[in-house]
Amino acid sequence: MKEERTPYYRFVNGEERERLEYAILEKWDYDPVHYWYPLRGGFDEEKLFFPADRLEPYLDRLCGLLGLPDRHLYEYGEGCREASQLALVDDIYGYNGFEQMYLPEDLSWAVYFSHEDTVTFAGSILSTVKELLAGEREHWNKWN
């Protein structure tokens with residue numbers, strides 16, 4: 001029988017939040033009010049975007065590769081229980097209809113779910129994600 005666990009969720013507020021918002025904007029050019037448009041280009045990092053609905057069978061393995069639930073990620077965007085919130089979490093639940101970004105504490109990579117029904121991967125995680133999704137190459141960077 002699989003043991004149930006309580007997910008970790010902590011809002012980031014005050015000076016900590018201000019510092020992180022500035023760092024995320026500077027590194028990834030993202031703020032949840034204006035969204036992020038890696039599908040359009042104009043973005044320096046190499047990236048891979050993928051249909052969010054096709055990620056579901058890989059989500060548990062992706063979380064494992066990211067070290068979840070043993071580490072915490074920043075969750076930033078529309079869907080953080082309150083609009084435009086910043087939180088620390090220990091899981092990625094997949095696409096929920098909101099613009100949502102997940103980042104490690106060092107901000108070295110990003111996983112971004114968009115209302116275009118895509119998930120974009122960028123930064124140091126990219127080679128790992130390409131290995132995980134190698135069987136889905138025909139769906140890489142396809143957007144209509």
Side-chain angles (χ1 to χ4, degrees), residues 1-136 139-141 143:
M1 183 175 191
K2 189 175 179 179
E3 185 179 319
E4 289 292 318
R5 67 176 189 84
T6 303
Y8 177 84
Y9 199 96
R10 177 180 75 82
F11 283 117
V12 177
N13 293 305
E15 286 183 27
E16 181 186 15
R17 178 184 167 140
E18 287 177 28
R19 180 184 54 78
L20 279 166
E21 286 181 325
Y22 179 79
I24 293 168
L25 183 62
E26 187 161 285
K27 168 70 178 166
W28 295 105
D29 194 26
Y30 175 75
D31 77 80
V33 175
H34 298 104
Y35 307 120
W36 196 48
Y37 294 101
L39 304 181
R40 291 187 188 157
F43 173 67
D44 292 337
E45 291 276 340
E46 184 184 358
K47 63 188 173 286
L48 168 85
F49 57 89
F50 192 72
D53 62 341
R54 297 202 61 87
L55 184 64
E56 188 65 34
Y58 302 95
L59 199 53
D60 285 342
R61 283 187 283 165
L62 175 65
C63 287
L65 291 170
L66 300 179
L68 299 171
D70 298 324
R71 76 186 296 187
H72 296 155
L73 300 179
Y74 291 114
E75 180 184 72
Y76 191 37
E78 290 179 312
C80 293
R81 305 203 185 170
E82 292 179 27
S84 302
Q85 286 293 329
L86 181 58
L88 270 172
V89 298
D90 66 353
D91 206 348
I92 293 176
Y93 295 102
Y95 181 63
N96 60 8
F98 295 109
E99 302 281 323
Q100 196 82 4
M101 184 177 266
Y102 294 91
L103 308 117
E105 293 183 85
D106 68 0
L107 309 181
S108 62
W109 52 260
V111 175
Y112 177 65
F113 291 89
S114 76
H115 66 255
E116 284 88 7
D117 299 326
T118 63
V119 57
T120 300
F121 303 94
S124 63
I125 191 174
L126 199 52
S127 62
T128 302
V129 169
K130 285 180 176 180
E131 287 177 30
L132 176 67
L133 301 177
E136 300 275 351
H139 299 288
W140 290 12
N141 298 328
W143 182 55

*asked:* Less than 4.5 Å apart, side chain to side chain, heavy atoms only: is that true for Leu48 and Val129?
replied: yes

*For the pair Arg10 (side chain) and Val89 (backbone), establish whether a donor and an acceptor sit closer than 3.5 Å, ignoring hydrogens and angles.*
no

_Short N-O contact, Arg19 and Glu15, less than 4.0 angstrom_ = no

*asked:* Distance alone, cut at 3.5 Å: any donor-acceptor contact between the side chains of Glu18 and Tyr22?
replied: no

*Minimum-distance pair of heavy atoms, taken over all atoms of Arg61 and Pro57*: NH2-O, 4.0 Å

_Between Tyr30 and Leu103, is there a side-chain heavy-atom distance shorter than 4.5 Å?_
no

*Which pair of heavy atoms, one from Cys63 and one from Asp91, lies closest together, and at what distance?*
SG-OD1, 3.6 Å

*So, Asn141 side chain and Phe49 main chain: donor-acceptor pair closer than 3.5 Å or not?*
yes

*Kindly compute the distance separating NE2 (His115) from CG (Asn96), expressed to the nearest 0.5 Å.*
13.0 Å

*Just by distance, with hydrogens left out, do Glu116 and Thr118 show a side-chain donor and acceptor under 3.5 Å apart?*
no

*Under 4.5 Å between any side-chain heavy atoms of Tyr8 and Pro69, yes or no?*
no

*Test log, rule side-chain contact (heavy atoms from CB on, under 4.5 Å), inputs Met101 and Glu75*: CA-CA 6 Å; Met101 184 177 266; Glu75 180 184 72; over 6 Å; no

*Leu126 versus Glu46: any side-chain heavy-atom pair under 4.5 Å?*
yes

*asked:* If you define the side chain from C-beta out and look only at heavy atoms, does anything of Tyr74 sit under 4.5 Å from Leu86?
replied: yes

*Tyr76-Gln100 side chain donor-acceptor pair, cut-off 3.5 Å*: no

*Between CG on residue Leu88 and CD on residue Glu105, distance to nearest 0.5 Å*: 5.5 Å

*Sidechain-backbone polar pair: Trp28 side chain, Leu107 backbone, donor-acceptor under 3.5 Å*: yes

_Close side-chain approach of Pro7 and Asp90, heavy atoms under 4.5 Å_ = yes

*Close side-chain approach of Phe121 and Leu62, heavy atoms under 4.5 Å*: yes

*Determine whether Gln85 and Arg17 make a side-chain contact, defined as any pair of heavy atoms from C-beta on separated by less than 4.5 Å.*
yes

*Pair Phe98 and Phe113, ring centroids less than 6.0 Å apart*: no

_Please report the interatomic distance CG(Leu65) to CD(Glu131), rounded to the nearest 0.5 Å._
8.5 Å

*Given the side-chain rings of Tyr95 and Tyr93, with only the six-membered ring counted for Trp, is the space between their centroids under 6.0 Å?*
no

*Pairwise distance CZ(Phe50) to CG(Leu132) - rounded to 0.5 angstrom*: 8.5 Å

*Look only at the side chain of Trp109 and the backbone of Tyr102, and say whether a donor-acceptor pair between them is shorter than 3.5 Å.*
no

*Given side-chain contact (heavy atoms from CB on, under 4.5 Å), test Asp117 with Asp53 step by step and report yes or no.*
CA-CA 7 Å; Asp117 299 326; Asp53 62 341; over 6 Å; no

